[in-house]
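Got a structure for you, written out below as structure tokens; questions coming shortly.
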Amino acid sequence: MSLQAARNIMLESIDKLSKRMSRPRVVVGGIPGALESHPGSVKGQIRLIQYNEHSSTDKVVESVAELVDWVSHRKPPESYAGLAPTVPGNGATPAHARRTTWIDIDGVGDVAMLEELGKLFDIHPLAMEDVVNVHQHAKFEYYGDTMFFVARMPIDGGGFNTEQVGIFLIGDVVITIQERPGDCLEPVRHRIANAAGRIRERHSDYLAYSIIDAVIDGYFPLLDRYAEVLDDAAEVLQQGGDRSLPLQLHAIRADLLLIRKVVNQHRSAINVVLRDVGYRMEEDTALYFRDCQDHLQHLIEAADTDRETCAELRELYFAMLSERNNDVMKVLTIIATIFIPMSFVAGIYGMNFDSNVSEWNMPELQWTYGYPFALGLMTLMAGGLLAYLYRKGWLTK
Amino acid sequence: MSLQAARNIMLESIDKLSKRMSRPRVVVGGIPGALESHPGSVKGQIRLIQYNEHSSTDKVVESVAELVDWVSHRKPPESYAGLAPTVPGNGATPAHARRTTWIDIDGVGDVAMLEELGKLFDIHPLAMEDVVNVHQHAKFEYYGDTMFFVARMPIDGGGFNTEQVGIFLIGDVVITIQERPGDCLEPVRHRIANAAGRIRERHSDYLAYSIIDAVIDGYFPLLDRYAEVLDDAAEVLQQGGDRSLPLQLHAIRADLLLIRKVVNQHRSAINVVLRDVGYRMEEDTALYFRDCQDHLQHLIEAADTDRETCAELRELYFAMLSERNNDVMKVLTIIATIFIPMSFVAGIYGMNFDSNVSEWNMPELQWTYGYPFALGLMTLMAGGLLAYLYRKGWLTK
Amino acid sequence: MSLQAARNIMLESIDKLSKRMSRPRVVVGGIPGALESHPGSVKGQIRLIQYNEHSSTDKVVESVAELVDWVSHRKPPESYAGLAPTVPGNGATPAHARRTTWIDIDGVGDVAMLEELGKLFDIHPLAMEDVVNVHQHAKFEYYGDTMFFVARMPIDGGGFNTEQVGIFLIGDVVITIQERPGDCLEPVRHRIANAAGRIRERHSDYLAYSIIDAVIDGYFPLLDRYAEVLDDAAEVLQQGGDRSLPLQLHAIRADLLLIRKVVNQHRSAINVVLRDVGYRMEEDTALYFRDCQDHLQHLIEAADTDRETCAELRELYFAMLSERNNDVMKVLTIIATIFIPMSFVAGIYGMNFDSNVSEWNMPELQWTYGYPFALGLMTLMAGGLLAYLYRKGWLTK
Amino acid sequence: MSLQAARNIMLESIDKLSKRMSRPRVVVGGIPGALESHPGSVKGQIRLIQYNEHSSTDKVVESVAELVDWVSHRKPPESYAGLAPTVPGNGATPAHARRTTWIDIDGVGDVAMLEELGKLFDIHPLAMEDVVNVHQHAKFEYYGDTMFFVARMPIDGGGFNTEQVGIFLIGDVVITIQERPGDCLEPVRHRIANAAGRIRERHSDYLAYSIIDAVIDGYFPLLDRYAEVLDDAAEVLQQGGDRSLPLQLHAIRADLLLIRKVVNQHRSAINVVLRDVGYRMEEDTALYFRDCQDHLQHLIEAADTDRETCAELRELYFAMLSERNNDVMKVLTIIATIFIPMSFVAGIYGMNFDSNVSEWNMPELQWTYGYPFALGLMTLMAGGLLAYLYRKGWLTK
Amino acid sequence: MSLQAARNIMLESIDKLSKRMSRPRVVVGGIPGALESHPGSVKGQIRLIQYNEHSSTDKVVESVAELVDWVSHRKPPESYAGLAPTVPGNGATPAHARRTTWIDIDGVGDVAMLEELGKLFDIHPLAMEDVVNVHQHAKFEYYGDTMFFVARMPIDGGGFNTEQVGIFLIGDVVITIQERPGDCLEPVRHRIANAAGRIRERHSDYLAYSIIDAVIDGYFPLLDRYAEVLDDAAEVLQQGGDRSLPLQLHAIRADLLLIRKVVNQHRSAINVVLRDVGYRMEEDTALYFRDCQDHLQHLIEAADTDRETCAELRELYFAMLSERNNDVMKVLTIIATIFIPMSFVAGIYGMNFDSNVSEWNMPELQWTYGYPFALGLMTLMAGGLLAYLYRKGWLTK
Ligand SMILES: [Mg+2]
Ligand SMILES: [Mg+2]
Ligand SMILES: [Mg+2]
Ligand SMILES: [Mg+2]
Ligand SMILES: [Mg+2]
Ligand SMILES: [Mg+2]
Ligand SMILES: [Mg+2]
Ligand SMILES: [Mg+2]
Ligand SMILES: [Mg+2]
Ligand SMILES: [Mg+2]
Ligand SMILES: [Mg+2]
Ligand SMILES: [Mg+2]
Ligand SMILES: [Mg+2]
Ligand SMILES: [Mg+2]
Ligand SMILES: [Mg+2]
Ligand SMILES: [Mg+2]
Ligand SMILES: [Mg+2]
Ligand SMILES: [Mg+2]
Ligand SMILES: [Mg+2]
Ligand SMILES: [Mg+2]
Ligand SMILES: [Mg+2]
Ligand SMILES: [Mg+2]
Ligand SMILES: [Mg+2]
Ligand SMILES: [Mg+2]
Ligand SMILES: [Mg+2]
Ligand SMILES: [Mg+2]
Ligand SMILES: [Mg+2]
Ligand SMILES: [Mg+2]
Ligand SMILES: [Mg+2]
Ligand SMILES: [Mg+2]
Ligand SMILES: [Mg+2]
């Protein structure tokens, strides 16, 4: 692989890094809390899932207005026990009919719709601004009784890319607002539809947990992909390595560092959940969030181990390279050390002093065994030097 | 680019660094709290903006004395609710007419005027000293009920430069004292004049927030400029790099480090705001300050990512350089390894032993195929060495 | 040792590292708390030990159902004083007959059995999930009154490998669930059987401590093995070193780093024990846990010292290597510096200018002492250069 | 500059470092609190300054006994309000006449006098021991109501040197005990004598603050001197650098590190003042101490920036050096690469094969254009290699 | 000094490091609190010192049984005021006769005796286990009212070695159990015997402090020895350095690091004393412990400064080395650059083209001034290259 190609790989990696961390386009001095959609944002669809232990509904809703029939707009409760949301077409709502509602919107391009939604659920403008401005860190905040989690969901495809998901927990309602269509939440929807596990028996806080857990689970296959890439790199090294290896390893290491950072943001966010609102969660939901922390800790250690492996491969590559360079140097030195003195002797007897003029002038040239003497002299010098080098251990190691 | 030119770039960068961080000119043992203006400070103009939800005024005021008519001098209140400042020419001030006052001074050269202002608003001499001594860190302090924020506003122009802005929040009055004319607060003034957003409906604490937010917003385009410079550097590298690149990258990295430091000072200061006086803020102003923290966090991460890119470019540059040096070494070794032994053979047959004297003396010279034999010997040696080098992989990699 | 062999060592070490830290196989979006056994898990046997100061029983139990006769299923108590578990076949349980029960299961392959056990003792599904998912960190958690410790027990054999042991403390019952058969707990069983020390006089919390202490003790011989490996490496170095040494040291260092990490997890876990539940422990059990912390501190320092020794050996290896390379360079330079000028002189007098044509053309060739003169010139040059090099100290040091 | 000279600079710097940090001469197992003066300590003079807002006295006192007339020996008060020290020759002391006393001793050689002083003011023996043992860190301690500050005052002269000043605040009395004569407190004495600023209106706590502030102010010109030295170093570099530069920069960096350490000790000490006794200070004295912290923060950042500059200059020096070494290598390689092959050709045609014996033996020697052919061959080789090197970019960069 | 010798020094240093940090010989799964003496432990003698302000006794006691007569076995008191230990042969103990008892045992080989002692004073088995297992960190613990300090006393002799001293403070009794005979506590015994200082007027807590203070004082001469060794190293460097220097410096640095660690353990331990039991100490004993912290801080800084000096000497050594290597390279390059082209010219005119065959064949050989021309050509080349090298500054710097 040529140096130019290696250089290109590196520059691409830098480019990706910048793009991925693309900064929020800030309107300098802009009105705080004003919604302005990024160019390229998609409009998104509203999907409504409502369930209790007895039944579940899953439908696409055309407008926020239509949602009003499904959820009664109310201030969120002080605790997640005993809530009785209005079920459409049913004035009296017996306690056993308490239903959890999940509103999922898969795009932030329709600012008007989001503003309407914000008004319906009394969402703070700053939270809504964060939803639209899709470059947030993973974090957890609460505005009065409204809990607001920003998660970053890994996207399939080359390298490390994430999609922002804003998750609101407002009484019996969970609202997720995704950056774009497509997600890793299908298993959750499946469990709701099929009453798998305990999700249907539990309420909105457990639903919020399940969504966050599913997002976190998405990081495991991502890190597995990186582990495979490192395996490949180890194999390339086994076969002698190629020049772009350190640059590739550098790029992988940068990705892993970034993943660690993002995963750690989730950990900090869940810490806030546990510290500040855990006591308001139903039953043992806090235990489930604590379990999430364990998963996140595993992800962090996996990323760290892979970075360690990067460092080891890099070290091995450079050990091989330096070894090779030392060998180059040594060959040069051995060759030069042996031949330069012998060439000198040859040079001596290539001089043109006139032996006829004086018996002092290179009488060796006239000796019967002059030539063998010269060759012997050279062999002796070479042998001596070889012996010296051998005794120094340069010829064997 | 010559070494001398590279050296100059570096020295300039060092020079800028020292200048930018110019230390306060301390009068050793000077009287604490005594105001002494730095040479070169400009006098500055007093601009008064007063508004409530119904109307707003914006005018230049000639002297501090004139201000007295606009604000009644009083001790700041315990909380920012229910304040009713005196409106000029209006004895009775109904609650709905409560007005917020912004006094903006764009220069610290007129020490007498600042002392008068300090007396009017009962500002502590140490705070006023910090305003005049324009080398403060960004920080937040309070003297009794007077809140005092020191912000550093990035200045347009090459590199990273800031202007100090002291911001006082005293009851319904906000006072900003800038190091010099020109600022990035026009959007705030525009929102006041045009009743854009909610600024006219809210009070002095929200005004203080808005000013700080506008200052922080000024760091986003600054970092964008650095990102562009790094893009350019990547392109230079793509085309082979130039000797000054590591020095340039070093200078950029130093700037980014400094920006990170200053941005972080703002974050610490707002932490103090949230921790110590958040509860005294009106309504949800604390939420807005929390949002500021998010922005500052973004700035820090952007600066960190750019520093990472610097490191990557630098690493790439040195990888290319070291590769080139290794190639140099290798060429030397290959050439020397091949030609030195061949030259030795040529040296042998350049010796002048007299073949006539003895059959032992260089009989090869008399062979019919002596010359081809010598050439063959050389070719053999060169071929053997080439084969050895090839097998070692030195010719291909 | 060849470079290829060294490379293989390194790659194996990387491979081991990845394997050892094998990530949990996460079912993306899987149901939290659902038990799914890893392929390759063994079924495991149930061993029951029950004792008080008067007697002890030790038997293998066929099924969880059989356990019911031995322990009465009850909620764990608030404190570990005054507990009177039901003894089989004995309705009335006098206080002096209070018995401690240890249920030990040495495999996590039988998910159904574990679920049954979980139901019998009211174990939280998340805790049971951690037991089955054998890639947990060492940690301490409590689910209501159930205390749950995850320890990692070092396994005999090459390198560093651990087996997970989940330890539950539920009232008078201690349950240990090991990843696979075989452990380092025999000394504890021996002390119970033979009433050695005070273990029979004390209760379940002391038993839990004793188990954890025995696990921790297992790290001491492990670190002793590493110290011996380092001794061997030092000896190899003494005899000149071999090329794979830095790679071997790197691999050892990585192991030691990992050991330190795992040991430190135990320390953190015991910190939680001391902080959160120490006051509920009987008598001075907390003092014993504090003693564990001392042992763990010792292990950490031993690992750190060994890593330091790795660094020293590595430094010594590279000091020797660099010394050798410098010697190579120096020999080349000395040889070249002495012979190149002499060869030049020989080259001069090897020129074929025709002395007959002009008295200006190499008259030396015709001198009586031309040849000695040339040799003298060369000797002079060589001598001068040798003197120069000697004065520089290059020949002696 | 020769290597020997550079070496000397370095060794001097190391020497200075050791001397400066000279350890306390500890009497092993000595009696704690026993006063033993260091050899070389000066005796010191007692200077008494007493003032209130109306008048001030400044005189040299012969003995501690004489002091008794000026201050009444009493236990320090609980707060610094309402104290009425005895004024000599005046039985009744009206409140408005309350006087602050400053006793300044400029030498610690007279142990007897210090013991007498300690008895008069009830100073703890450990505090007095610290005063005499002049190698203390800057620190703040209190012994009952006696506050004790150890400051380190920078001394004029080459490099960084400090003098210890022990400052006691006992009721209305401030005692300063300096290591040796000469200090930077003249401006404070001047302000007292001339009633400049508010010092005469305030009391002993403000006096203690003023003294500490004056000591801290002394570090600003010190750091300015280092900045100038760095400017000079930059200039030397501009003119090509000299061999001792990295050693000089190393020495400067060590000094700056030490200054940072000492300045930081003052910051820690004032933190203790603010945390522990701030509330007992009169009026807003705590605000003044907070201002000191700002100054100390500035000093720390200035020292850090200068260390950064050291690093930059060092980096520039080594970049230049490495560039130069690379150039050396490259010239050697280019020369060798071009001439070795050409010399080989010349060697070929310098062989003595007898063309007469066989037409195979060097027929070129007999060609009409043999010599031009050989020269052409050489030119071709040189040209080819030059083209190769040029295409590699080695000739231009 | 040869490389082999340097290598030996290094290996010895590693060996010492391992030995010094010799790990506790842990009996895997051993009974906690069981005493087992290390092989090689000495038996030790019991020495009893008892004193009050009026008198003191100092005698060797044969057995623990004999001690019973001297101390009444009782639970330690809640505070160290008003204690009245039984004085042998004296039923009524008036308050003024309150006596402090110091029991000193200088060996841990007699496990039976230690167990008897432990029973007499009700010492917790874990504390006694730590006393026997002489590889503890310096630490402070309390078991009920029994305070337990583990100190490490530096031992005279080459390098850094410590002896463990366990110090118990139980009511009016202080027990010290040393690892082996010999200590640095003579000055304390002397002060007791001679009523020097205040030790006889104070009680057991002050005695415990005095012992700890004496141990800490023992580190000052130790560090002074290292400073002297560094002075010697600087002198060796001054005279040109020797190859083992970096290895020696490395060994010293490792020692200093270890000293710092141990000293810091004492600091942590005394922090616990001040935090947890300071209020139970008599009068101002806490102030004395605070003074110890100052001493320990001094030791830490001295060790840090010496490590800094190590780094400086090392840097200087390598600067000298690298300078020398660069000089080697440069000489090679200059020699080769000048002589290779000249040799080429000589090679040209050493070719054997037959000038007789053609006027194109080396006509220079027949020129009248051919030889001078060739010499001139060489001189020109050499001169040009020398000028080039000179202009590059390679000949002068
Ligand atoms: Mg970037
Ligand atoms: Mg915003
Ligand atoms: Mg936001
Ligand atoms: Mg999506
Ligand atoms: Mg999951
Ligand atoms: Mg990177
Ligand atoms: Mg892993
Ligand atoms: Mg590693
Ligand atoms: Mg500066
Ligand atoms: Mg000031
Ligand atoms: Mg200030
Ligand atoms: Mg401005
Ligand atoms: Mg904004
Ligand atoms: Mg820099
Ligand atoms: Mg789970
Ligand atoms: Mg889990
Ligand atoms: Mg097992
Ligand atoms: Mg144990
Ligand atoms: Mg590793
Ligand atoms: Mg020192
Ligand atoms: Mg002392
Ligand atoms: Mg002291
Ligand atoms: Mg002085
Ligand atoms: Mg000042
Ligand atoms: Mg240094
Ligand atoms: Mg060791
Ligand atoms: Mg133990
Ligand atoms: Mg222990
Ligand atoms: Mg001893
Ligand atoms: Mg002492
Ligand atoms: Mg070391």
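When reading the values below, keep in mind they use all heavy atoms of this one structure, side chains included, and skip hydrogens, waters and symmetry mates. Chain letters run A, B, ... following the sequence lines, proteins first and then strands; every chain starts at 1.
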**Prompt:** In terms of heavy-atom pairs under 4.5 Å with chain A, which of B/Glu364, B/Glu359, B/Glu186 leads?
**Reply:**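 The candidate making the most pairs under 4.5 Å is B/Glu364.
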
**Prompt:** CG of B/Asp291 to CD of A/Glu141: how many Å apart, nearest 0.5 Å?
**Reply:**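 With rounding to 0.5 Å, CG (B/Asp291) is 7.5 Å from CD (A/Glu141).
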
**Item:** Side chain, backbone, both or neither of A/Leu375 within contact of chain B (heavy atoms, under 4.5 Å)
**Value:**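 For A/Leu375, the contact with chain B is made by the side chain alone.
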
**Item:** Max heavy-atom pair count under 4.5 Å with chain B, selected residue of A/Phe344, A/Phe373, A/Phe339
**Value:**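 Looking at each option in turn, the highest pair count goes to A/Phe339.
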
**Message:** Please find the pair of heavy atoms, one from A/Gln136 and one from B/His298, that lie closest to each other, and give the distance.
**Reply:**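 Here A/Gln136 and B/His298 meet closest at CA-CE1, 4.0 Å.
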
**Atom pair CG (B/Asp294) and CG (A/Asp130), whose distance is rounded to the nearest 0.5 Å** =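 Rounded to the nearest 0.5 Å, the CG-CG separation comes to 6.0 Å.
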
**Prompt:** Is a donor on one side and an acceptor on the other found under 3.5 Å between the side chain of B/Asn361 and the backbone of A/Gln366?
**Reply:**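 Side chain of B/Asn361 to backbone of A/Gln366, a donor-acceptor pair under 3.5 Å: no, none is there.
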
**Request:** Measure the spacing between CH2 of A/Trp367 and OG of B/Ser358 and express it to the nearest 0.5 Å.
**Result:**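 Result: 12.5 Å between the selected atoms.
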
**Side chain / backbone / both / neither for B/Tyr219 at chain A, heavy atoms under 4.5 Å** =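 Looking at B/Tyr219, nothing touches chain A.
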
**Request:** Can you tell which part of A/Met378 gets under 4.5 Å to a heavy atom of chain B, answering side chain, backbone, both or neither?
**Result:**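 Interface part for A/Met378: side chain.
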
**Message:** Working to the nearest 0.5 angstrom, can you tell me the gap between B/Met351 CE and A/Leu365 CG?
**Reply:**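 The CE atom of B/Met351 sits 9.0 Å away from the CG atom of A/Leu365.
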
**Request:** Give the member of B/Gly197, B/Pro341, B/Ser343 that has the highest number of heavy-atom pairs under 4.5 Å with chain A.
**Result:**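 The residue among B/Gly197, B/Pro341, B/Ser343 with the greatest pair count is B/Pro341.
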
**Request:** Counting only heavy atoms closer than 4.5 Å, note whether A/Tyr142 contacts chain B via side chain, backbone, both or neither.
**Result:**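 Contact with chain B is through the backbone of A/Tyr142 alone.
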
**Message:** Between B/Ile334 and chain A, with a heavy-atom cut-off of 4.5 Å, which part of the residue counts as in contact: side chain, backbone, both or neither?
**Reply:**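 Interface part for B/Ile334: neither.
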
**Prompt:** Given that the side chain runs from C-beta out, which part of B/Gln297 has a heavy atom under 4.5 Å from chain A: side chain, backbone, both or neither?
**Reply:**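 Contact with chain A: backbone and side chain both.
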
**Prompt:** Do B/Trp360 and A/Tyr371 make the cut of ring centroids closer than 6.0 angstrom?
**Reply:**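 Ring-ring flag for B/Trp360/A/Tyr371: false, centres at least 6.0 Å apart.
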
**Request:** Could you list the residues that satisfy side-chain contact (heavy atoms from CB on, under 4.5 Å) with B/Leu274, not counting sequence neighbours?
**Result:**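 For B/Leu274, the residues satisfying side-chain contact (heavy atoms from CB on, under 4.5 Å) (neighbours in sequence not counted) are B/Ile270, B/Ala286, B/Phe289, B/Gln293.
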
**Request:** Identify which of B/Leu185, B/Leu299, B/Leu332, B/Asn352 forms the greatest number of heavy-atom pairs closer than 4.5 Å to chain A.
**Result:**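 Most pairs with chain A among the choices: B/Asn352.
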
**Prompt:** Roughly how far, to the nearest 0.5 Å, is the CD1 atom of A/Ile335 from the OG1 atom of B/Thr333?
**Reply:**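 The CD1 atom of A/Ile335 is 10.5 Å from OG1 of B/Thr333, to the nearest 0.5 Å.
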
**Request:** State which residues pass salt bridge (charged side-chain N to carboxylate O under 4.0 Å, His left out) with B/Asp304; sequence neighbours excluded, sorted by chain then number.
**Result:**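 If we apply the salt bridge (charged side-chain N to carboxylate O under 4.0 Å, His left out) test to B/Asp304, skipping adjacent residues, the hits are B/Arg260, B/Arg307.
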
**Heavy-atom pairs under 4.5 Å with chain A, option from B/Ser210, B/Gly350, B/Ala346 with the top count** =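 Of the options given, most contacts go to B/Gly350.
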
**Message:** Heavy-atom pairs under 4.5 Å with chain B - which of A/Ser355, A/Gly347, A/Pro372, A/Pro125 has more of them than the others?
**Reply:**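 Sorted descending by pairs with chain B, the first entry is A/Pro372.
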
**Message:** With rounding to the nearest 0.5 angstrom, report the CG to CD distance, A/Leu257 to B/Glu308.
**Reply:**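 One gets 6.0 Å once the value is rounded to the nearest 0.5 Å.
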
**Message:** If we ignore hydrogens and angles and just use 3.5 Å, is the side chain of A/His124 paired with the main-chain N or O of B/Asp284 as donor and acceptor?
**Reply:**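 Absent.
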
